[in-house]
Structures are given as C-alpha cells and as structure tokens.
Protein chains: 2
Amino acid sequence: METTRWLASDEQRWWRAYLRGNRELDVALDRDLSREGVSLSDYELLSMLSEAEGRRLRMSALAELIVQSRSRVTHTAARLERRGWVRRTPALDDGRGVVLELTDEGLGAVERLAAAHVASVRRHLVDVLTPYQFRALGEAMEAVRDAYASDPTTPASPCEPC
Amino acid sequence: METTRWLASDEQRWWRAYLRGNRELDVALDRDLSREGVSLSDYELLSMLSEAEGRRLRMSALAELIVQSRSRVTHTAARLERRGWVRRTPALDDGRGVVLELTDEGLGAVERLAAAHVASVRRHLVDVLTPYQFRALGEAMEAVRDAYASDPTTPASPCEPC
DNA sequence: GTGCGGTAGTTGACGCTTCAACTATGCACC
DNA sequence: GGTGCATAGTTGAAGCGTCAACTACCGCAC
C-alpha cells in the first residue's frame with residue numbers, strides 16, 4: 001500500500017470551488033427549468049433529439065450523448081412519451097434497436113424551453129465569467145471529458161486486462 | 001417578450017463541454033466511491049463533519065456547506081446514523097437545533113474513504129489538466145459559486161420584491 | 001406574557017434513479 | 001446451422017431526493 005498523495009492547499013481550494021460552484025449551478029439551472037415543468041435531464045434528452053438528424057436517435061446513442069444509463073433513458077423516454085413529446089419506433093436496421101423520435105408537439109416544447117434555458121445558462125454561468133474565463137473553463141472540461149472517453153475503467157470495457 | 005440571445009458557437013461548445021465533462025466526472029467519482037460503499041453525497045457530508053471543529057456541525061450549517069436541502073441532509077444523516085458513523089445530539093444553545101457529530105467509527109470510515117477519493121479526484125480531474133488549466137477551472141468555479149451566493153432569486157430570500 | 005412571524009428540523013408520500021434480472025436479437029466461429 | 005457470447009432495451013423493486021405539511025422553538029413587539 002502506497003502513501004496517499006493528498007491535495008496541495010491550492011488544489012484543495014480549486015477542487016472545493018468546483019464542487020460547490022458545480023452544485024450551485026446545477027441547482028439553479030434545475031430550478032429555473034422546473035418552473036417550466038421539466039427537469040434538466042428531461043431537457044437534455046429533448047434537446048439532443050431536436051438537434052439530431054430527422055429528430056430521431058437510437059436509445060443507446062441518446063444514452064451515451066447525455067451520459068446516462070440505458071435504463072434511465074428508457075424510464076425518461078416513457079415519461080416523455082406519456083406527455084406526447086416523444087415516440088418510440090423499432091429500428092429498421094437492427095431488430096433489437098429502438099429509435100426515439102421527437103414529435104411536433106415535442107419540438108414545440110423544446111423550442112419554448114430552450115429560450116428559458118439559455119437565459120438561465122447565461123445568467124448563472126456565462127454572464128458571471130469573463131469571456132476568457134469561460135473559454136478556459138470550457139477547455140479544461142474538454143480535457144476532462146476526453147480523459148473519461150479514453151479511461152480504460154469506463155463501463156464500456158467489459159473486462160480490465162483483455 | 002424580448003428575443004433570445006442564443007449562445008455563440010464557441011459558447012455553445014464550451015457549455016457542452018462543461019455539461020458532458022461534468023457529468024462524466026460525477027459518474028466516475030461516484031462509481032469509485034460506491035465501490036467503497038458510499039455515495040459522493042454521503043462522503044461530502046462525512047468529510048465536512050470530519051473537518052469541523054469538534055467533528056460536529058449543526059444540521060443547517062452542514063446543509064449549506066454541501067448545498068443540499070435540510071430535508072435531504074436529515075435523510076442522509078439518518079442513514080449514516082444507522083451505520084453508526086454519525087450521532088444526533090440536541091444543540092445546547094438553541095432548542096430547535098440539532099448537532100450532528102462524527103463518531104470514532106465514522107472518522108475511521110472517512111479516513112479510509114478519503115484516500116480512495118483523493119486518488120479518484122486526481123485520476124479523473126487533477127491529473128488530466130495542466131496546473132494552469134486546473135487553476136483556471138478553479139477560479140472560474142469560484143466566480144460561479146460567488147454569483148450564486150449573491151443571486152437575489154436564491155431560496156434564501158423569502159420574498160422577491162421586499 | 002401573549003401573539004406573531006420566522007427559523008430548525010423531521011416526516012411521509014411521491015417521483016426519479018439505480019440495480020439486477022430478464023427477453024430478444026445480432027454476430028462470429030466451428 | 002447451431003452454439004455461445006455480446007449488445008439493445010425493458011422491467012420492477014428498492015433506494016434516494018424532493019416537496020409540502022407539520023412540530024417545536026426563537027425572538028421581537030406590544
């Protein structure tokens with residue numbers, strides 16, 4: 001057992017800032033969206049669909065895009081289907097697959113929600129940073145995102161040493 | 001109704017990077033901790049307690065520190081109490097108050113968890129950034145955090161126009 | 001010292017997320 | 001062409017988080 005490399009005091013400070021800022025941003029965005037009757041994760045799903053070609057995506061592609069389990073996407077899609085915003089159709093090229101499609105009603109909803117959401121993102125994130133800070137934040141998070149993708153312990157890999 | 005100021009393409013890109021990177025980091029940290037039998041939010045509560053003077057904190061102080069509702073903290077504390085890691089005692093100076101205290105067993109748990117958690121934070125965040133990037137991330141998130149604190153629509157303010 | 005509004009914390013019900021088990025299909029190899 | 005293993009998606013139960021209602025207490029005003 002090797003000794004732990006603890007965080008230096010600056011590292012600690014930034015890590016804490018990340019934890020708190022992130023949590024607060026999440027709370028604020030979710031609160032703003034919930035006034036419109038959807039959660040942030042509902043919105044993420046809908047907005048990915050709205051941008052997809054033909055406003056349709058495979059369930060698993062959707063799951064990966066929004067970084068959620070397939071099970072969660074199934075449940076969320078079921079809820080959104082009950083609201084008439086989304087429709088499930090079998091995938092033509094793969095008998096196991098399901099394609100989720102945004103209905104016209106769903107598209108209307110996304111468009112309405114998007115305006116509120118963008119304002120919220122601006123208010124709680126973009127506008128509180130200098131353009132330079134925002135860019136630095138974005139680039140750092142790109143590095144985090146890409147590291148995850150190439151992480152061998154990510155669920156995608158079924159067994160470690162193969 | 002005013003027209004929406006949409007995100008410019010760079011802004012969009014960084015915002016998306018933030019969303020995904022953040023989600024993936026969350027998933028990774030939570031997965032690593034869950035192997036030790038606790039969730040990230042359990043850990044945050046425990047670690048705040050472990051650093052507090054006398055390893056004790058008022059419920060509401062704890063709630064604010066980890067940016068969670070008092071109700072959630074009550075539930076989490078109840079679960080941790082069942083595991084023998086924390087103890088609830090009445091606050092001496094305020095008949096309404098409850099002080100949550102980390103037990104010796106709880107302290108042992110935090111110390112064990114901390115090593116694993118720090119390694120996880122390093123692996124998924126600190127080590128994938130240059131020191132300069134990490135600092136920029138931390139400073140940006142400090143700005144986000146501080147903006148939230150001074151936001152008049154934050155739950156702290158009981159009524160809007162007063 | 002009574003009334004009143006505000007704060008601290010809890011509770012239980014409901015809704016969302018997770019997890020493990022399951023069905024069904026695809027794909028490779030013999 | 002059948003066996004075996006992987007992938008796609010669903011299901012239901014259990015756990016966690018949220019919300020509104022509730023108790024109990026504080027502190028001030030009168």
Side-chain angles (χ1 to χ4, degrees), chain A residues 23 26-35 37-45 56-83 86-101 154-159 162, chain B residues 23 26-31 33-35 37-45 56-83 86-101 155-159 162:
Chain A
R23 184 67 55 87
D26 240 46
V27 167
L29 294 177
D30 212 40
R31 176 167 44 81
D32 288 352
L33 265 180
S34 72
R35 273 198 270 272
V38 300
S39 69
L40 185 52
S41 73
D42 288 343
Y43 178 76
E44 282 184 79
L45 190 156
R56 321 156 43 81
L57 279 173
R58 283 286 292 268
M59 294 294 280
S60 50
L62 199 44
E64 204 185 328
L65 274 173
I66 60 182
V67 195
Q68 294 185 5
S69 68
R70 287 198 306 282
S71 169
R72 182 170 173 184
V73 172
T74 296
H75 286 301
T76 304
R79 260 174 271 131
L80 294 174
E81 196 169 26
R82 259 178 258 129
R83 294 172 86 151
V86 122
R87 185 173 29 239
R88 228 181 280 261
T89 60
L92 299 176
D93 57 330
D94 184 341
R96 300 165 299 179
V98 169
V99 172
L100 201 64
E101 194 182 337
T154 269
S157 88
C159 61
C162 313
Chain B
R23 186 68 54 87
D26 239 48
V27 168
L29 294 176
D30 212 43
R31 175 166 46 81
L33 266 179
S34 72
R35 272 200 271 272
V38 299
S39 68
L40 184 54
S41 74
D42 288 343
Y43 178 78
E44 282 183 78
L45 190 156
R56 324 156 39 81
L57 279 174
R58 283 287 292 268
M59 295 293 279
S60 50
L62 199 43
E64 204 184 329
L65 275 173
I66 60 183
V67 195
Q68 293 184 5
S69 68
R70 287 197 307 281
S71 169
R72 182 171 173 182
V73 172
T74 295
H75 286 302
T76 304
R79 261 173 270 131
L80 294 173
E81 197 169 26
R82 258 177 258 131
R83 295 173 84 151
V86 306
R87 185 171 31 240
R88 228 182 280 259
T89 59
L92 300 175
D93 57 330
D94 184 341
R96 300 164 300 179
V98 168
V99 171
L100 201 65
E101 194 180 337
S157 89
C159 61
C162 316

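Because only heavy atoms are used, hydrogens play no part in the values below, and waters and symmetry mates are left out as well, while side chains stay in.
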Please tabulate the protein-to-nucleotide N/O contacts below 3.5 Å involving nucleotides 19-26 of chain D, giving atom names and distances.
| from | atom 1 | to | atom 2 | distance (Å) |
| --- | --- | --- | --- | --- |
| D:dC19 | N4 | B:Ser71 | OG | 2.5 |
| D:dC26 | OP1 | B:Gly95 | N | 2.9 |

- [ ] For B:Thr74, answer base if it contacts any base atom (sugar-phosphate contacts may also be present), sugar-phosphate if it contacts only those atoms, and nothing otherwise; contact means non-hydrogen atoms under 4.0 Å.
- [x] base
Open item on the list: Using whole Å, what does the distance between atom C1' of nucleotide C:dA24 and atom CE of A:Met59 come to?
Closed with: 15 Å
Open item on the list: Output the rounded distance in Å from CZ (B:Arg31) to P (C:dC19).
Closed with: 11 Å
Task: Closest to the A:Thr76 side chain, choosing from C:dT10, D:dG9, C:dT17 - done: C:dT17
TODO: Nearest whole angstrom, please: distance from the P of C:dA8 to the CG of B:Leu100.
DONE: 16 Å
- [ ] To the nearest Å, give me how far apart CG (B:Leu57) and P (C:dA8) are.
- [x] 14 Å
Task: Residue met sooner reading DNA chain C from 5', once B:Ala91 and A:Asp42 are mapped to nucleotides - done: B:Ala91
- [ ] Starting from P on C:dG15, measure out to CG on A:Asp30 and report it in whole angstrom.
- [x] 17 Å
Task: With sequence neighbours excluded, residues passing salt bridge (charged side-chain N to carboxylate O under 4.0 Å, His left out) with B:Asp94 - done: B:Arg58, B:Arg96
Task: Protein-nucleotide distance (B:Leu33, atom CG; C:dT18, atom P), rounded to Å - done: 15 Å
Task: With sequence neighbours excluded, residues passing side-chain contact (heavy atoms from CB on, under 4.5 Å) with B:Arg56 - done: B:Thr89, B:Val99, B:Glu101
Open item on the list: Which heavy atom of A:Ser41 sits nearest to which heavy atom of A:Gln68, and what is that distance?
Closed with: CB-NE2, 3.3 Å
- [ ] Quick one: label A:Ser39 by what it contacts on the DNA or RNA (base, sugar-phosphate, nothing), any heavy atom closer than 4.0 Å.
- [x] nothing
TODO: Taking all non-hydrogen atoms of both residues into account, name the closest pair between B:Ala77 and B:Leu100 and its distance.
DONE: CB-CD2, 3.8 Å
TODO: Could you state the atom-to-atom distance from CD of A:Gln68 to P of C:dC16 in whole Å?
DONE: 13 Å
Open item on the list: Suppose we screen for side-chain contact (heavy atoms from CB on, under 4.5 Å). Which residues come up paired with A:Val67, at least two apart in sequence or across chains?
Closed with: B:Arg20, B:Arg23, B:Glu24, B:Val27
Open item on the list: Does D:dT10 have OP1 or OP2 under 4.0 Å away from a side-chain N or O of A:Arg70?
Closed with: no
Open item on the list: With salt bridge (Lys or Arg N to Asp or Glu O under 4.0 Å) as the rule and sequence neighbours excluded, what pairs involving residues 60-77 of chain B come up?
Closed with: none
Task: side-chain N/O A:Arg58 vs D:dG9 OP1/OP2, d < 4.0 Å - done: yes
Task: Under the salt bridge (charged side-chain N to carboxylate O under 4.0 Å, His left out) test, residues paired with B:Arg83 that sit two or more places apart - done: none
TODO: Provide, to the nearest angstrom, the distance between the CG atom belonging to A:Leu40 and the C1' atom belonging to C:dG15.
DONE: 17 Å
